[in-house]
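Reading through the structure tokens given below for one structure.
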Amino acid sequence: MRTSVTIAATVALFLLGFTYTATAGSYGGPGFSGTVWFGENGGNAKKMGSVHVGGAGFLMNIEGQGQQVSSLIRWDSEIIWSLIHDQKMYMELPPEQSGWQQYEAKACVGYQNGEMQGLETMGGRATEKWRCTGQTAVPEGGTPSDATVWYDPELQFGVKSIEDNGNIFEIRDIERGAQAASLFKVPDDYQKLDMSAMMEQLMQQQQ
């Protein structure tokens, strides 16, 4: 169990290192799925998993350190669930730990200011390019960073962001369409884990 707990905490920390535009709120778009790409510190983005956005919520599936994990948000809740599938476990993360903000149908969610810079085609889709400044959605222990965001007005979702600190988040291979509500539920046979205990154990092992 110790190895599983450590891996789960490490993956959770990795996910918290990025800011997303999807959190508890109200999504009125048509729904879509796609592949998720991440880059850190100015490096090239790499394919890390998949994403589903629908009327019931937001689901991002990631493979990290050999583990299949997911981040799940339901629009009717402020809890962020981190699912560790191999162990059939999950953690509950309050929004203040992640820096994620209330969903809004606009580009610069989690920033004080936004300025549209023009229109660009991303993956065959028409997007708006925005400059977002004055970040307010900062994970605990993180440093604010301005960003350039590409917002898809039809999907009502940001499909790419490049933060000034070099972090990249991008959704590619987008397929528009409603997503099944069953995707956005924690499986009944998954066991809840104590996030605080996991983080404490991880810190102790790093000393």
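F169 has its side chain out of reach of I162: every pair of non-hydrogen atoms, C-beta onward, lies at least 4.5 Å apart. A heavy-atom distance below 4.5 Å is not found between the side chains of F58 and Q179. A 4.5 Å side-chain heavy-atom check between L155 and P30 finds at least one atom pair inside the cut-off. In this structure, the side chains of M91 and I80 stay at 4.5 Å or more apart for every pair of heavy atoms. Between M60 and S50 there is no side-chain heavy-atom pair separated by less than 4.5 Å.
For R131, the side chain to side chain donor-acceptor pair (under 3.5 Å) partners are T148, D164, not counting sequence neighbours. With sequence neighbours excluded, the residues satisfying side-chain contact (heavy atoms from CB on, under 4.5 Å) with K192 are Y90, E92. In this structure Y151 satisfies the ring-ring contact (aromatic ring centres under 6.0 Å, His included) test with no other residue, sequence neighbours excluded. Remark: D152 pairs with R125 by the side chain to side chain donor-acceptor pair (under 3.5 Å) rule, at least two apart or across chains. Scored by the side chain to side chain donor-acceptor pair (under 3.5 Å) test, D146 finds no partners at all (sequence neighbours excluded). When the side-chain contact (heavy atoms from CB on, under 4.5 Å) test is applied to C132, the partners found at least two apart in sequence or on another chain are C108, Y111, W130, V149. By the side-chain contact (heavy atoms from CB on, under 4.5 Å) test, E175 pairs with S33, sequence neighbours left out. Legend: residues meeting side-chain contact (heavy atoms from CB on, under 4.5 Å) with K47, ordered by chain and number and at least two apart, are T35, W37.
Rounded to the nearest 0.5 Å, atoms CD1 (I62) and CG (L83) are 12.0 Å apart. Between atom CZ of residue F38 and atom CG of residue N44 there is a gap of 15.5 Å, rounded to the nearest 0.5 Å. Atom NE2 in H52 sits 5.5 Å away from atom CG in L183 (nearest 0.5 Å). We find the CD-OG1 distance between Q112 and T133 to be 7.5 Å, quoted to the nearest 0.5 Å. Between the CZ atom in R74 and the CD1 atom in I79 there is a gap of 13.0 Å [rounded to 0.5 Å]. Here the CD1-CG distance, from I73 to L59, works out to 9.5 Å after rounding to the nearest 0.5 Å.
Identified under the ring-ring contact (aromatic ring centres under 6.0 Å, His included) test for residues 170-190, with sequence neighbours left out: H85-Y190. Residue pairs meeting the salt bridge (charged side-chain N to carboxylate O under 4.0 Å, His left out) criterion with at least one partner in residues 179-189, sequence neighbours excluded, are K88-D189.
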Tell me which donor-acceptor pairs under 3.5 Å the side chains of residues 114-122 have, and how far apart each pair is, sequence neighbours excluded?
residue, atom, partner, partner atom, Å
E120, OE1, W150, NE1, 3.0

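Of the possible donor and acceptor atoms, one in the side chain of Q135 sits under 3.5 Å from a partner among the backbone N and O of S145. Checked by atom type and distance alone, the side chain of S70 never pairs as donor or acceptor with a backbone atom of L72 at under 3.5 Å.
Nearest heavy atom pair, residue P153 against residue A126, reads CD-O, 3.6 Å. Taking every heavy atom of both residues into account, Q87 and I84 meet most closely at OE1-CG2, 3.0 Å. Shortest non-hydrogen contact noted between Q156 and A105 is OE1-CB, 3.8 Å.
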